[in-house]
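Here the structure is laid out as structure tokens; the discussion comes afterwards.
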Amino acid sequence: MDFEAVIKYSKLHAKPPGLSLQYGTAGFRTKAENLDHTMFRMGLLAVLRSKQTKSTIGVMVTASHNPEEDNGVKLIDPLGEMLAAAWEEHATRLANAEEEELQRVLTDICRKEAVDLLGNAFVILTCQQLIGINMCVLFVSCFNIYFYTPVFASRPSSKKLSQSVTDGVSVLGGQYHDYGLVTTPQLHYMVCCRNTHGNYGIATVEGYYEKLSNAFVELTKQAMSQRDGHMSLRVDCANGIGALKLKELGRYLPGCLMVHIDNDGTKGKLNHLCGADFVKVHQKPPVGLEMKPGERCCSFDGDADRIVYYYTDAAGHFHLLDGDKIATLISTFLKELLVKAGQTLTFAVVQTAYANGSSTCYLEETMKVPVHCAKTGVKHLHHKAQEFDIGVYFEANGHGTTVGDAISDMLLIEAILALKNLTVPQWDGMYTDLPNRQLKVKVADRRIIDTTDAERRAVTPPGLQKKIDDIVNKFQLARAFVRPSGTEDVVRVYAEADTQENADNLAHEVSLAVYHLAGGVGEPPKAVAS
Ligand code: 16G
Ligand code: MG
């Protein structure tokens, strides 16, 4: 390794002394102004990982659902999965090394991971810059580097930050190639395809559309031929990249599925009052979408790795079908097929603490499907799901399947609805969600909260869990937990109970407990306005 060059370039991306960051649930996220050095160093790390695995590695520069002044970066492993845990630790150490420690930390990583520095590194960089969001995607593999120049520039930080990544890649001898504008899941797909030499699919966006649309057509052709008229779906694309990609996919889909795209980025701001996260957290329809009663609608999030469905009934009531309902639909479908085929494969559903209690109860007691609870974050669910012949995993927020892919999940849901000849209200009627509420609390240092039992119980600060238990005991069918966010500087609170009013009150009381026992800052949390 040419340490002299690394150190010289590193000075151009100098670390703010004393700044400490953590590779969180899905990479680093913080104010863009504090990320330059991290980007450069993740460029270095991606090359090392590529050399070690002799494979393509993805690096994505993204601000995801965080506010506009934030940005972030995550690495994608050879099979399109999230970065291995040991390398997350290397990432944190590398990002936090002061300039004079850089050489030692790099040498240490190479030694621990037996990186062959003489090996090649192939890197592909793409950027996604849409209204209100910029995401840059970098692939590292053992041969080259691909770079994509953004179309719309609205977050000034991303261009510079992606340049910092490529500086890091080049200083260790990587090369560039442009992979174009892609969604996060498409990036994961490409990484997997490249490293499995076409066995998984062709590593192009066309290959992705062909793979998904062929599977959809194959799966549904019989059901579609028996239908009167086409199926139709309204999609809120959160003003993100999903709109563009869904339009492209449309060319590969037969006329039997009509997709109407709303919030396509031409008018609104990314994720602003729309998108899967907004719909799930606020439990109301997005702005910019005119729903007719009974009309089947869904929302993607900004980078198209989450999806939730919903509709309004004749009385105008809004009904949300979140990740739990999606997991239930998919696992019920698969379970029925397994029973029909007389198969004895191991089968389980993986959820997180956010899963609605009714969904867990329905899966376990009615469907007789084993359910496991994992920590928040796709990587945790993914690894648990891999323990079974068939594992279905979804977070309640609509993040599921391989790494979360709103487009492929949408097609799967549409296919199942067609095959089972189900309407959304019928699907919704599988079980009734317990009313729930999510809140966030600002504290001085969210690391004060440590959790156990897949984040369902707080171990620290002392007294907090006891207080939560006491509050929960005052309500019926109640459950609540708190956890430090892995992507935002807040503590998240989840509560569910027999009525919406009780869920709101429970969430508020637990928020106050967090505020008082875990170093809340600012005004105490206010009661939820129903
Ligand atoms: C990230 C995770 C998502 C998780 C969310 C939780 C990935 C690819 N993404 O977006 O799975 O639900 O963080 O955020 O793992 P929080 O820790 O801020 O609640
Ligand atoms: Mg997302």
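In listed order, ligands and their atoms are each counted from 1.
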For ligand 1, is there an N or O atom under 3.5 Å from any N or O atom of E488?
no
Taking the six-membered ring for Trp, are F318 and Y310 closer than 6.0 Å centroid to centroid?
yes
By number and element, which atoms of ligand 1 are closer than 4.0 Å to a non-hydrogen atom of R492?
16 (P), 18 (O), 19 (O)
Atoms of ligand 1, numbered as shown, that sit under 4.0 Å from any heavy atom of R483:
16 (P), 17 (O), 19 (O)
For K247, look at atom NZ and say whether over 12 heavy atoms of other residues, nucleotides or ligands are found less than 6.0 Å away.
yes
Can H372 and F388 be said to form a ring pair (Phe, Tyr, Trp, His ring centres under 6.0 Å), step by step?
CA-CA 11 Å; H372 296 266; F388 309 95; 5.0 Å; yes
Could you check whether any side-chain N or O of D305 sits under 3.5 Å from a backbone N or O of T184, counting only pairs where one atom can act as donor and the other as acceptor?
no
Has ligand 1 got any nitrogen or oxygen that is less than 3.5 angstrom from a nitrogen or oxygen of A26?
no
I need the atoms of ligand 1 closer than 4.0 Å to a non-hydrogen atom of M82, numbered in the order shown.
8 (C), 15 (O)
In this structure, which one of I307, L412, L249 forms a side-chain contact (heavy atoms from CB on, under 4.5 Å) with I407?
L249
Contact atoms of ligand 1, heavy-atom distance to T376 under 4.0 Å
4 (C), 6 (C), 12 (O)
By atom name, which N, O or S atom of D303 is the nearest to the Mg ion (ligand 2)?
OD1
For the NE2 atom on H272, are there more than 12 heavy atoms of other groups (residues, nucleotides or ligands in this structure) within a distance under 6.0 Å?
no
For ligand 1 and P484, I'd like to know whether there is a polar contact (N/O to N/O, distance under 3.5 Å).
no
Would you indicate which of E395, H380, E455 comes nearest to atom 3 (C) of ligand 1 when only heavy atoms are counted?
E395
Heavy atoms only, cut-off 4.0 Å: how does S485 contact ligand 1, side chain, backbone, both, or neither?
both
Strictly under 4.0 Å, does any heavy atom of M60 approach an atom of ligand 1?
no
Report the part of N397 (side chain from C-beta onward, or backbone N, CA, C, O) that has a heavy atom under 4.0 Å from ligand 1; answer both or neither where that applies.
side chain
The Mg ion (ligand 2) to nearest N/O/S of D277 below 2.8 Å
no
With a cut-off of 4.0 Å, which atoms of ligand 1 are near a heavy atom of R306?
5 (C), 10 (O)
Cation-pi between K325 and Y362: NZ/CZ under 6.0 Å from ring centre and within 45° of the ring axis?
no
